[in-house]
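Residue numbers begin at 1 in each chain, while the letters A, B, ... track the order of the sequences.
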Amino acid sequence: MAETKYDVLIIGSGASGGMAAYTLTKKGIKCLMLDAGPAIDFERQRVNKSSYELPFRGFGKPGRLSHVFQATEFNANQWVDEVQVPYTHDPKEPYNWVRVRMIGGKSLFWARMSFRFSDYEFRAKDHDGYGDNWPISYADLAPYYDQVEPIFRVRGRRDGIQQLPDGIFIEDTSGESEANRRFIAAARERGIPNTKMRTSMGRGQFASSFNLLLPDAMASGNLTIVPNAVVREITVDKNTGLANGAKFIERQSHREMHAGARVVVVGASCLESTRLLLNSGIANSSGTLGRYLHDQFYITESVQAVIPEARDGKSASGFSNGFIGGGGYMPRFRNLKAKEKNFLRGYALDWSTGGSPDAKYFPLYGEALQKAVESCRGAGFSCTVMGEVLPRVDSQVRIDKGVTDAWGIPVLHIQTRYTSNEFNMAKDAIATLEELCHACRWEVLGRHDQMFPPGYSIHELGTCRMGESPKTSVLNKWNQSWDIKNLFVVDGSSFVTGGSQNPTMTILALSMRASEYMAGQMRKGQL
Amino acid sequence: MKRRRFIQALAASPAAPALLAQQAVPQINQPAAPANAPLHYASSDEGAQAVLHFFNPQQFAALRKLSDILMPANLAPDGMPGSVEAMAPEFLDFLLSESAGDRQQVYRNGLDGLNSQARKRFGKLFADVDAGQADMLLAPLREPWTHDVPSDPVAALLRAAKDDVRRATLNSRAWNLAAVAGRTRGGGGGLYWLPID
C-alpha cells in the first residue's frame with residue numbers, strides 16, 4: 001500500500017467536501033481531495049448560442065437525461081450522463097437523481113436559497129412524536145451557521161420567525177411592491193408569515209465551494225486536489241479496523257490508484273456517499289445505512305394567476321412604479337402549535353409577482369392567444385411549493401449488483417415514493433394559495449397539486465443518518481462513523497429530517513462543525 | 001545519417017523544440033495578404049428542404065394546417081413569421097421521429113382522430129376544412145387548463161401541439177431573424193455547455 005502522505009482524505013469537492021477542506025487546511029492539516037469530475041474552465045466550456053443553432057431547436061434530444069427535468073438542450077452537458085452512471089428503480093416508483101460531477105459539484109448550480117433549520121427540525125420527534133430527533137439541537141449548530149453565512153454572503157431580512165431563525169445577513173432593505181403588499185397582508189390575516197428570500201450572494205457569478213471555499217484552502221498550502229478520480233472503495237486496515245484511504249479509478253484512463261490518509265472524510269453528495277460506503281461494505285453495523293431517504297417535494301407553477309391591474313403594459317415600469325414585481329418566502333406555518341391538519345409537518349412557499357404566465361394556461365389559440373399573452377406580460381403571480389417529506393425506514397437505497405457504471409462500479413437501486421402525508425400536504429398548499437389569490441382579487445389561470453417524482457428538488461437527504469445510538473444510526477453527533485472512528489460523512493446523507501428549507505446552509509454548518517471536532521481529535525492524538 | 005533518422009534524433013534531443021521551431025519559421029518578407037471576406041453560414045432550414053420520415057401525408061397535412069391555425073403569420077407585431085414560415089411542422093416531424101413511443105402515439109392518434117372528426121362532421125380532411133369548421137374541431141383548446149393530460153386523443157394532441165408548435169416557431173431561425181430585425185422580443189438563446197471531455 002502506498003505511503004500515507006496526507007492527514008485527511010476528502011472525497012468530494014462540493015459544499016460539504018469544500019467546507020471540510022476550508023476548515024481543516026486552515027488548522028494546518030494536510031488534505032488530499034478527490035473528485036470524480038474534471039476542473040472546468042467556465043470561460044471555455046460555455047458559448048453563447050441561439051436556440052435555432054441547436055440540433056433540436058432547444059427541445060433537447062429526446063430520451064437524453066430522462067430523469068433530469070432541469071436539463072435543457074443548453075445545459076445538458078453539465079449533468080451526469082445517465083448512461084455512463086446509471087441507477088435503477090421500480091418503473092412504478094420513479095426517482096429523479098440529478099447529479100453533477102465537476103470540481104465544485106452541485107454548489108456550482110444551486111438556487112442559493114439559504115436558510116437555517118430550527119428545533120422544529122432538530123427536535124421534530126419531541127414536537128409531533130414522529131420519527132427521531134437529531135442528536136444535536138439548534139443551539140449546537142447556530143455558531144456554525146454564524147460562520148458560514150458571512151462566507152457565502154447571505155442576503156436576507158431579520159424577521160424573528162421562530163421556525164426560520166435569523167442569521168448573519170447582508171440586510172435586505174428593499175421595499176415591497178403594491179401587489180406584494182396585498183399578498184403578504186392576505187397571508188398575515190391567515191397567520192402565515194413572510195420574509196424576503198434569503199440568498200447567498202457569493203462572489204462574481206458563483207456562490208460555490210469552487211470560488212468561496214477551495215481557493216482559501218488552496219492558499220493555505222495544505223490542500224491537494226485531484227480531479228477525475230472516481231472513488232470505488234474506502235479501504236480499511238485489517239489490523240486496526242480503521243480506514244486508511246480509498247481506491248479510485250482515473251476517469252479517462254481507467255487506471256486504478258490508491259490514496260492513503262489518517263482520516264477519511266466523505267462528502268461525495270448524499271447518495272454517492274452512501275453508495276460508496278455500501279460498495280465498501282463498511283459502517284453498517286446498525287443496518288440503517290441506505291435507509292430513511294427523504295427530500296422535499298416540489299410543485300412548481302402550483303398556482304398561476306394574473307394581476308388584473310397590471311395587464312396591458314401597466315406592469316411595464318414594474319419596480320419603478322412600485323406596483324408589481326419581486327417576491328417572498330413563506331416558511332412552514334402548519335402544525336407548529338398543535339396538530340392542525342391531516343398531515344404531519346409542513347411546507348414553505350416561494351412566490352413572486354411580475355412574471356409572464358406561459359401560453360399553455362390560456363384557453364385560447366392563434367391571434368387571441370397571442371393577444372392574451374401580450375396583455376398579461378409581466379402581470380403574473382406564480383409560486384413553488386416545497387414540502388417536507390417524512391423519513392421512512394423503507395425509503396431506501398441498496399447496491400444493484402447486476403448493473404455497473406462506466407468504471408465497473410455497482411450502481412444504486414433506489415426505492416422510495418411519496419405517500420398520503422405528502423399528498424395531503426400538497427392539497428392544503430394549493431387550496432391555501434388559491435384562497436390567497438382570491439383574497440387579492442387575482443385571476444387564477446391554473447392550479448395543480450401534482451408534485452414531481454422524488455429527487456426532483458435535488459435535496460436528497462438521509463441514508464447515512466446521525467443519531468444518539470449506534471443501533472439506529474450510522475453516524476454519531478459529530479458526523480463520525482460509530483463503527484470506524486476515523487471515518488466521517490459530512491454531506492446531506494447525515495440528515496435525520498429535512499424540513500421544508502433548502503438544506504445547503506445546514507450541510508455547510510454540519511461539515512464545519514464536524515471538521516473542527518475532527519481537527520481537535522487529531523490534535524489530541526485521538527485520530 | 002538518413003534524413004528520417006536525423007529528424008527522429010533531432011526530435012529526441014533536449015534542444016529539439018527550439019531547433020524545430022526555427023526550422024518552421026521561414027524568414028521571407030512577403031506583402032501583406034488581402035483580408036478575406038467574412039464567411040456567413042445558413043441553417044439547414046434556409047438552404048434545403050426537410051425529408052419527412054414520421055408522419056404519413058394525411059397526418060402531415062393536418063399538422064401543417066393545425067400549426068398554421070395555432071401560430072399564424074403576422075401576429076402582432078406585423079411581419080413576424082408564423083409556424084409554417086418557421087417550418088415548425090417539418091421540424092416536429094423530425095423531433096417526433098426521435099421521440100419515445102408514447103409521445104409519437106399522441107401525435108399519430110391525435111392527427112388521425114382530427115382527420116376522422118373532420119371527415120365525419122364535414123366530409124373532408126382536416127387540411128381542407130374552413131376556418132369556422134376548424135374552430136369547431138378545436139373546441140378542446142377553449143377548455144380551462146388542467147394539469148392532467150386529456151384522455152381524448154384529439155384533445156391530447158391539441159394540448160401537445162399548442163406548446164410544441166409555439167416553441168418550434170419561437171426557436172426557429174426565421175423567428176430569430178425577425179427578432180434581430182427588431183420586430184419583437186426573443187428568438188431564444190443562452191449559454192450552451194460544450195461536451196465535457
Side-chain angles (χ1 to χ4, degrees), chain A residues 37-38 40 42 44-64 66 72-81 101-102 228 251-252 299 301-302 304 357-371 373-374 377 444-450, chain B residues 43 45 66 68-72 74-77 80 86 88 91-92 94-100 103 135 138 140-148 158-159 161-177 179-180 185-197:
Chain A
I40 297 294
F42 290 90
R44 300 182 63 173
Q45 193 66 39
R46 302 174 302 177
V47 295
N48 272 305
K49 278 183 184 277
S50 294
S51 300
Y52 76 86
E53 296 178 283
L54 305 179
F56 293 88
R57 277 198 198 185
F59 282 75
K61 182 174 173 56
R64 185 180 177 193
S66 59
T72 68
E73 196 167 354
F74 284 95
N75 69 19
N77 291 317
Q78 81 183 34
W79 309 103
V80 166
D81 182 341
R101 284 188 174 184
M102 55 186 74
N228 303 308
R251 183 174 67 90
Q252 290 155 309
I299 306 172
E301 300 183 351
S302 57
Q304 285 284 321
D358 191 277
K360 71 183 178 188
Y361 295 110
F362 297 94
L364 301 164
Y365 57 90
E367 189 174 358
L369 174 62
Q370 188 68 11
K371 283 182 178 172
V373 168
E374 288 298 325
R377 192 174 295 283
V444 174
L445 288 177
R447 62 186 294 285
H448 75 98
D449 58 15
Q450 300 300 304
Chain B
S43 68
D45 282 343
L66 176 62
D68 195 31
I69 295 169
L70 293 175
M71 197 80 185
N74 290 316
L75 289 176
M80 293 308 292
F91 170 75
L92 289 177
F94 160 66
L95 184 69
L96 268 295
S97 74
E98 298 276 317
S99 295
R103 186 73 169 167
D135 202 44
L138 301 190
L141 285 177
R142 293 189 289 278
E143 296 295 320
W145 180 87
T146 60
H147 184 271
D148 296 330
L158 294 176
R159 177 186 170 117
K162 178 179 168 180
D163 284 350
D164 291 344
V165 168
R166 184 175 180 84
R167 191 171 175 194
T169 304
L170 296 179
N171 287 354
S172 68
R173 172 66 168 153
W175 190 277
N176 178 269
L177 285 171
V180 169
R185 301 174 179 83
L191 272 178
Y192 173 77
W193 270 79
L194 298 168
I196 291 174
D197 178 22

Point to revise | Residue among A/Y361, A/F59, A/F362 with most heavy-atom pairs under 4.5 Å to chain B | key: A/F59

Check your understanding: For the rings on B/F91 and A/F56, is their centre-to-centre separation under 6.0 Å?
Key -> no

**Study point:** Heavy-atom proximity to chain A below 4.5 Å, by part of B/E143
**Key:** backbone

Study note, to complete from the structure: Turns out that what part of A/L369 lies under 4.5 Å from chain B's heavy atoms comes down to side chain

Point to revise | Interface moiety of B/R166 toward chain A, non-hydrogen atoms closer than 4.5 Å | key: side chain

Practice item. Answer whether the closest heavy-atom distance between the side chains of B/N171 and A/Y52 falls below 4.5 Å. Key: no

Review point. Of all of A/R46, A/R57, A/Q450, A/Q304, which one pairs up most often with chain B through heavy atoms under 4.5 Å apart?
Key: A/R57

Review point. Using non-hydrogen atoms only, which part of A/K371 is less than 4.5 Å away from chain B: side chain, backbone, both, or neither?
Key: neither

Study note, to complete from the structure: So, the part of A/V444 with a heavy atom under 4.5 Å from chain B: the answer is neither

Review point. By a 4.5 Å heavy-atom criterion (distance strictly below it), what part of A/R251 contacts chain B: side chain, backbone, both, or neither?
Key: side chain

Point to revise | Per-residue contact mode, B/D45 against chain A (heavy atom under 4.5 angstrom) | key: side chain

Check your understanding: B/L191 and A/F74: which non-hydrogen atoms are nearest, and at how many Å?
Key -> O-CB, 3.5 Å

Exercise for review: Sort B/P195 into side chain, backbone, both or neither according to what part of it lies under 4.5 angstrom from a heavy atom of chain A.
Suggested key: both

Check your understanding: Side chain, backbone, both or neither: which part of B/L158 has a non-hydrogen atom closer than 4.5 Å to chain A?
Key -> neither

